[in-house]
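Keep in mind the model is a prediction, meaning the values are calculated, not measured.
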Amino acid sequence: MPRPLSRRTFVGLAVATAAAVVLPTALITAPEARADVGETGLWGDQGDGTYVNPILPCDFSDPDVIRVGSDYYLVSSTFQFSGGVVVLHSSDLVSWETIGHVVDDVSVLGPNFDWDRMNNYGRGIYAPSIRYHDGMFWVYFPCYGGEGIFVGTATDPAGPWTVTQLKDRSGAALSTYHWSDPCPFWDEDGNAYLALSKPGGPYYTYLFGMTADGTQILDGEITAMNVQGTAAAYPDHGTTVVPVFSTEGSKIFKRNGYYYLFQIVFQGSGAGPWMYRSVNLYGTKADGTPGGPGDPGTYETKFLGSTIPSQGAFVDTPDGDWYWVAQFNAGNYAGRRPHLLPVSWVDDWPMPGIDTNADGVGEMVWRGDKPVTGQAVVLPQGSDEFTSAVLHPRWQWNHQPRSGYWSLTERPGWLRLKAYTPLTTGSFFRAGNTLGQRYVHGDWAEATTKVGISGLTDGHEAGMCLYDGGKSYCTLGVVQSGPVRTLRHNANGTVTDGPTLTATTLYLRTAVDKTGLSTFHYSLDGTTFAQLGTAYQLTWGNYRGTSIGIFGYNNLTDTGRLDVDWFHYDYAGPTQPPTNPYATVQAETYSGQAGTQLENCSEGGKDVCFISNNDHTNYRNIDFGSSGASTFLARVASNTTGGTIEVRLDSPTGPLAGTATVTNTGGWQTYTTVTCPVTGVTGTRWLYLIYKGGSGNLFNVNWFRFGASPLARYAFDGDATDATGNGWTAALNGGVTFVTGEKGQAVDLSGNSQYISLPTGIVAGLTDFTIATWVRLDTTAAWRRILDFGTGTTAYMYLVPTTGSTTRFAITTSGSGGEQRINSTTALPTGAWTHVAVTRSGTTGILHIDGVVAGQNSAMTLSPSSLGSTTNNWLGRSQFSGDSYLDGQIDDFRIYARALTSTEILDLYQNP
């Protein structure tokens, strides 16, 4: 059956691809150029002094940022939600914590925000601006649907805030219609100004004078300002300072004698971010004189780039570095997410990003060095036990909730949502008392809540929900009809009913994957969960991404209650711990990809599929260790001619470590393991698997892993050199000869003073370790040594094939009475090759025989480092002179500077 074509759509980006980014070391570490990096699960602080964009992978749209001292504050538009104008705090411009809202009760702004109208979808509070002036925080924000322009002031950005409506020049309320994106500016002489744009009207940017207290514009009259289609003459409509159609997102600041007016142009060939500047606030006339109110001059202009986020704010650090915090204006189910770019100043022009092609314009930076290091990671959204009498500012209501119909105090430790009838029967978006948090986009997200349903009444529907800005929703809740309660999944009106319920407590869960595909689950005990309904794709609607939350309404009467004990919200955090490549890594857990898709795998989980030539998957923070890897293994399937997997480090064109060949396996779900040697694979790196081949789909990948490089390895193929190249050459003593081994040749020890000496200090300093070898015994006698490393009969470690009845590994620093031992249940056989391995990780030592765990000791406090720099490191000989020499053969003796996993030990046994 033909396979479908690959999808190559990257949703929510302004530009689908970007040129390779080469960045100064001082600014950027291991840059990633592809635009699709912004669509992976990576975000924010990476725990190693770097960050990955976006810094906030959720719907904090239209961001504006200021610095006060060493603290940074961000405000964001909130549309119809309450509280209005969310405020976040950061100490490093990367990690942000939600600390409050400027408007606690949005119904004070206008009746369309309130529960009995709910008529501000797609409108409400648009882009705000925050400034610090005269010892106070000032936030200016517009209500786009006609409520007007408002200003909030506070001495503490966490609140409380005092909110007032601006006035026009005659003192009337500035209840503007379709005016947006206000930005205040106080000049050095104390004069105040306000920039505004008018989308949907004369779509330009205007500058108004303001009273010094920031509460009244001086050259605008509300009736004239609300006339659509034309701009009234000065002084009724401000001054048109940017006569370019479709400009908004205004920001004003001053630096080095220049006034800077930032704008975003939304339409036409020049769409994107623009900077206007002049030594005069109202521009400069042709004769060099300053422009003024009603009589502006012109500005120098500069386009800031087509690959960078286009609406946001410029902010500096105490050290004088500058950054651009901004969003791409194309949103998706995660909303419009803030990104952080370094800013260079060139001839007094700001350049966000890095100019990689010498065209004078910066390109997007997806990964960079943090502006400030050493700060703790904080998160913008999270769990709530509802133990406070005040709702945490992470939450937002869908419009203003009805007073008296929710409480955190009626049942202490619980959130109580009281039901009332929706404005339209059965309509989720016309029902009040819906409470949510922003969906945080990452590798995964999961929210679970415990609810009490004993208070539900006839007509009641309540539970957990996913919803955007007013277009699409999905719920899992309880519907009560008469005395009967039924579990119900509702996706935009498509209903799937579950079982009837007699329990009074219920657990609800939604789980979201990295593509925004969600499923709902329920449980009666909080342990065993079952899915109800089909998967639901998170959505973007009315300029908002998805929220995750709780709802409750009653179609019949204003009665009933849902009690919420807790809401546990977990998601893939910004800091990812290192990945162990020596254990199996599922291919679908990539950090980024180009061109591939996922599907169910016959071996369990998912596989990476629809792979075409030059597609790739990449994996961050892979810890190969100091010894590194020597082999690469991948589990693959193909129904065509296959192709190759290039193993590259750091970037898609980085160092080539090895190439594995994939052939036709007989089916897209018929899997086999391919392998190849790799070189130069050490340290903590980004791993790129680059897929090569002919046309069409090449192969599927289920998982991969690496084989570790030994600290020392002796193949004994005619000599005793160290095959790793690390220089630990051994010495053959007593006339050792070579015979055919399990892998090539092996050393033959006759039991009469023949042994091998390994160099002094070969295991010095090792705590976790692995020693592995093949051995074939000709005869047995108790206490003959396979290995014995030590400095005599007090401090040593040994491996013996038999103590008389068991195989034993032991280590001591106080003679035989202090030995810490691992015993198997049987001795090694004679006349057959046997693989033996010993590992220690932490305090756990494990003895493996033929790839299987044969013995374990979880109280091993001693390690090779306890022995110091051992001098008598012998194979086939004991520290005790009375013990006889080994009679048999040893092949492929290895020492690793870490504990191999059981899977890796099994690989050593199965792939000699």
Side-chain angles (χ1 to χ4, degrees), residues 38 41-47 49-78 81 83-102 127-130 132 137 139 154 156-159 309 311-318 321 323-328 334-342 365-384 392-396 436-442 445 545 547-548 569-576:
L42 298 183
W43 63 278
D45 193 328
Q46 298 303 291
T50 69
Y51 71 92
V52 166
N53 276 317
I55 52 172
L56 284 167
C58 42
D59 202 358
F60 291 102
S61 55
D62 306 311
D64 191 32
V65 179
I66 61 167
R67 176 181 62 84
V68 179
S70 58
D71 294 293
Y72 302 89
Y73 301 97
L74 182 151
V75 293
S76 166
S77 57
T78 48
F81 292 102
V85 187
V86 64
V87 184
L88 294 89
H89 168 263
S90 176
S91 298
D92 59 10
L93 281 172
V94 174
S95 289
W96 294 89
E97 182 178 19
T98 305
I99 62 171
H101 294 95
V102 174
S129 289
I130 182 170
Y132 185 73
F137 292 89
V139 170
D156 182 347
Q311 184 170 351
F314 291 90
V315 63
D316 67 348
T317 69
D321 295 324
Y323 288 86
W324 171 237
V325 179
Q327 69 183 23
F328 288 106
R336 292 173 293 172
R337 296 155 289 175
H339 299 68
L340 178 69
L341 277 72
V365 174
W366 288 108
R367 185 163 64 243
D369 289 340
K370 290 179 58 182
V372 181
T373 59
Q375 302 296 322
V377 173
V378 293
L379 299 174
Q381 308 281 251
S383 300
D384 201 334
H392 196 285
R394 296 188 189 107
W395 294 100
Q396 283 189 300
Q437 295 191 39
R438 292 162 179 82
Y439 160 67
V440 179
H441 179 231
S547 293
I548 300 177
Y569 185 13
D570 299 307
Y571 45 84
T575 304
Q576 179 178 317

Please walk me through it: do V52 and R367 pass side chain to side chain contact (heavy atoms under 4.5 Å, CB included)? CA-CA 4 Å; V52 166; R367 185 163 64 243; 3.7 Å; yes
Could you check if a side-chain atom of S76 sits within less than 4.5 angstrom of a side-chain atom of P63, using non-hydrogen atoms only? no
For the residue pair Y569 and Y571, categorise the inter-ring angle as parallel (less than 30°), tilted (30 to 60°) or perpendicular (more than 60°). perpendicular
Atom CG in L93, atom CG in D316: separation rounded to 0.5 Å? 9.5 Å
Please round to the nearest 0.5 Å and tell me the distance separating atom CG of L42 and atom NE2 of H441. 10.5 Å
N53 side chain to V365 backbone, donor-acceptor under 3.5 Å: yes
Could you tell me which residues satisfy side-chain contact (heavy atoms from CB on, under 4.5 Å) with A572, sequence neighbours excluded, listed by chain and number? D443, W444
Between atom CZ of R337 and atom CD1 of I55, what is the distance when rounded to the nearest 0.5 Å? 12.5 Å
Classify the angle between the aromatic ring planes of H339 and W366 as parallel (below 30°), tilted (30 to 60°) or perpendicular (above 60°). perpendicular
Looking only at heavy atoms, what is the nearest atom pair of Y323 and P342, with distance? CD2-CA, 3.6 Å
4.5 Å side-chain heavy-atom contact, S90 and L74: no
Looking at G83 and Q396, what are the two nearest heavy atoms and their distance? O-NE2, 2.8 Å
For D321, all residues meeting salt bridge (Lys or Arg N to Asp or Glu O under 4.0 Å), sequence neighbours excluded: none
Can you list every salt bridge (charged side-chain N to carboxylate O under 4.0 Å, His left out) pair that touches residues 52-62, not counting sequence neighbours? D59-R544, D62-R336
For Y72 and V325: C-alpha separation, side-chain torsions, deciding distance, then whether side chain to side chain contact (heavy atoms under 4.5 Å, CB included) applies. CA-CA 11 Å; Y72 302 89; V325 179; over 6 Å; no
A side-chain contact here means heavy atoms from C-beta on lying under 4.5 Å apart; do P128 and S77 qualify? yes
List the steps, then state whether side chain to side chain contact (heavy atoms under 4.5 Å, CB included) holds for I130 with V102. CA-CA 11 Å; I130 182 170; V102 174; over 6 Å; no
The test is side chain to side chain contact (heavy atoms under 4.5 Å, CB included); show your working for V440 and L379 and say whether it passes. CA-CA 10 Å; V440 179; L379 299 174; over 6 Å; no
For a 4.5 angstrom cut-off between non-hydrogen side-chain atoms, does I66 reach V315? no
So, for R438 and C58, which heavy atoms are closest and what is the spacing to 0.1 Å? CB-CB, 4.0 Å
Between CD1 on residue I99 and NE2 on residue H392, distance to nearest 0.5 Å: 10.5 Å
Any side-chain heavy atom of V94 within less than 4.5 Å of one from L340? yes
Might you point out which heavy atoms bring V75 and V87 nearest each other, and give the distance in Å? CG1-CG2, 4.1 Å
d(R67 CZ, T317 OG1) to nearest 0.5 Å is 6.5 Å
Closest non-hydrogen atom pair, H101 against G84: CB-O, 3.6 Å
If I compare all heavy atoms of F60 with all of T98, which pair ends up nearest, and what's the gap? CZ-OG1, 4.0 Å
Examine distances only and state if a side-chain atom of Q437 and a backbone atom of S547 form a donor-acceptor pair shorter than 3.5 Å. no
Name all residues meeting the ring-ring contact (aromatic ring centres under 6.0 Å, His included) criterion together with Y73; count only those two or more places apart in sequence or in a different chain, and write none if there are none. H89, F137
Applying side-chain hydrogen bond (donor to acceptor under 3.5 Å, both in side chains) as the test, list every pair that has at least one member in residues 373-384; sequence neighbours left out. D384-W395
All ring-ring contact (aromatic ring centres under 6.0 Å, His included) counterparts of W96, not counting sequence neighbours: none
